[in-house]
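Read through the structure below, which is laid out as structure tokens, and then see the notes.
Chain A is the first sequence line, chain B the second, and so forth, proteins listed ahead of strands; every chain is numbered from 1.
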Number of protein chains: 2
Amino acid sequence: MTPLLRSFAALSDETRMSIVDQLITQGELPAGDLAPGAAISGPAISRHLKVLREAGLVTQRADGARRLYSARPEGLRMIAEWTQSRKGFWDGSLDRLEAALREDGA
Amino acid sequence: MTPLLRSFAALSDETRMSIVDQLITQGELPAGDLAPGAAISGPAISRHLKVLREAGLVTQRADGARRLYSARPEGLRMIAEWTQSRKGFWDGSLDRLEAALREDGA
DNA sequence: TTCATTATTAACATATTTGTTAAATAATGG
DNA sequence: CCATTATTTAACAAATATGTTAATAATGAA
């Protein structure tokens, strides 16, 4: 797991998922419009956006003093695949364990 | 996300996944046998096991001075379901975004 | 130019996670 | 009862994550 994926997966998931969710639902938005939805300060949002940018999950575009952000499909696909692999691991674990228990019982 | 799920999902995933994986693959194991596989000290393993126990992912059984650990199917199912819901979110995000982009292009 | 708006960076504080070593606890065998 | 083994807890250190306020760009308008 890369530091960025780990970072994305970790504590502030809710804030960052909310940011991405807003960008998906409402399309391109300036940084300032994302703060209210996340209930944290501008600088905090700005740093989340930086992480999301570096992780390839959002893109930034300048419009005067504003910075317009959008969700990035390639990034979302990467996350979906990562969660897929993780789900696969746990599903597999469960299957293997249940098989082992059945053998034990037999 | 509960603190325990968050804790489980967070940084030490690899260590804790390795522990659970060993318990699934090799069946019931004493705490001491899990340390080598994880490349950390006994006390560190012990604390991971405590987290896993509290999260309901493993069970503990006394055998003399040893503590035998096993993977717990209900816990694995819970994790599998949690990753499933997460995967669902990201898959859905991707679908929605791609649909939005198609509309834009049209 | 000067001011207002928008966003980012700097400096700092705090909580959480995770590891280590040393001490404590529990069980077993002389 | 004492020594040994297995494990956990205590005390401490370090890294990471995340938030805040204040300072610093960058832009556009008066």
Side-chain angles (χ1 to χ4, degrees), chain A residues 1-23 26-71 79, chain B residues 1-23 26-71 79:
Chain A
M1 178 159 38
T2 71
L4 284 168
L5 266 181
R6 174 168 64 65
S7 157
F8 191 82
L11 199 74
S12 71
D13 251 353
E14 276 159 49
T15 297
R16 294 213 268 256
M17 283 174 76
S18 147
I19 291 175
V20 174
D21 199 38
Q22 287 180 72
L23 293 177
Q26 303 169 50
E28 193 177 51
L29 287 174
D33 286 13
L34 290 163
I40 52 178
S41 67
I45 286 286
S46 186
R47 212 162 33 178
H48 281 299
L49 286 170
K50 184 181 182 185
V51 171
L52 290 171
R53 224 182 308 137
E54 289 172 350
L57 284 159
V58 305
T59 53
Q60 189 199 53
R61 175 172 83 84
D63 169 44
R66 298 190 309 167
R67 293 292 176 274
L68 299 177
Y69 283 89
S70 313
I79 293 290
Chain B
M1 178 159 36
T2 69
L4 284 168
L5 266 181
R6 175 169 62 66
S7 157
F8 191 82
L11 199 75
S12 70
D13 251 353
E14 276 159 49
T15 297
R16 294 214 267 258
M17 284 174 77
S18 146
I19 291 174
V20 174
D21 198 38
Q22 287 180 72
L23 293 177
Q26 304 170 49
E28 194 177 50
L29 287 174
D33 287 13
L34 290 162
I40 52 179
S41 68
I45 286 286
S46 185
R47 210 160 37 179
H48 280 299
L49 286 170
K50 184 181 182 185
V51 171
L52 291 172
R53 226 182 308 137
E54 289 173 350
L57 284 160
V58 304
T59 53
Q60 190 200 53
R61 175 172 83 84
D63 170 43
R66 297 189 311 168
R67 294 291 176 275
L68 300 177
Y69 284 89
S70 313
I79 293 290

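- Look at B:H48 and you'll find a side-chain N or O under 4.0 angstrom from OP1 or OP2 of C:dG19.
- At the phosphate of D:dT18, OP1 or OP2 sits under 4.0 Å from a side-chain N or O atom of A:R16.
- Rounded to whole angstrom, the span from the CG atom of B:D33 across to the P atom of D:dT5 amounts to 16 Å.
- Whole-Å rounding puts the A:D63 CG to D:dG28 C1' distance at 11 Å.
- The shortest distance between side-chain heavy atoms of A:D33 and A:Q26 does not fall below 4.5 Å.
- Residues A:D63 and A:R66 approach most closely at OD2-NH2, 2.8 Å, considering heavy atoms.
- If B:G64 and A:A44 are placed on DNA chain C by their nearest nucleotide, the residue sitting closer to the 5' end is A:A44.
- Screening B:R53, B:E28, B:Q22 for a side-chain hydrogen bond (donor to acceptor under 3.5 Å, both in side chains) involving B:Y69 leaves a single residue, B:R53.
- The listed nucleotides are D:dT8, D:dT5, D:dT21; the one nearest the side chain of B:L49 is D:dT8.
- The nucleotide whose nearest atom lies closest to any side-chain atom of B:R47 is, among C:dT18, D:dG19, C:dT5, C:dT18.
- Look at CG on A:L68: it is 14 Å from P on D:dT27, rounded to the nearest Å.
- An OP1 or OP2 oxygen of D:dA6 is reached within less than 4.0 angstrom by no side-chain nitrogen or oxygen of B:Y69.
- Taking atom CD on B:E54 and atom P on C:dT17, their separation rounds to 12 Å, with Å as the unit.
- Atom CD1 in B:I45 sits about 15 Å away from atom P in D:dA6, given to the nearest Å.
- Taking every side-chain heavy atom of B:Q60 into account, D:dT8 is the closest of D:dA6, D:dT27, D:dT8.
- One atom, CG of A:L34, and another, P of C:dT6, lie 14 Å apart when rounded to the nearest Å.
- Taking only side-chain atoms of A:I40, from C-beta outward, the nucleotide of D:dG19, D:dT7, C:dT20 with the closest atom is D:dG19.
- In this structure, B:L34 and B:I45 approach most closely via the heavy-atom pair O-CD1, 3.8 Å.
- A:L49 is not listed as a side-chain neighbour of A:Q60, based on a closest heavy-atom distance of 4.5 Å or more.
- For the pair B:I19 CD1 and D:dT7 P, the computed distance is 13 Å after rounding to whole Å.
- In the set D:dA26, D:dG19, D:dA6, D:dA6 carries the atom at the smallest distance from any side-chain atom of B:R66.
- In the set D:dA26, D:dT5, C:dT8, the nucleotide with an atom closest to the side chain of A:A65 is D:dA26.
- Across the protein-nucleic acid pair, B:R53 atom CZ and D:dT9 atom P stand 7 Å apart, rounded to whole Å.
- Take the nearest nucleotide of DNA chain C for A:R67 and for B:S41: the residue whose nucleotide is more 5' is A:R67.
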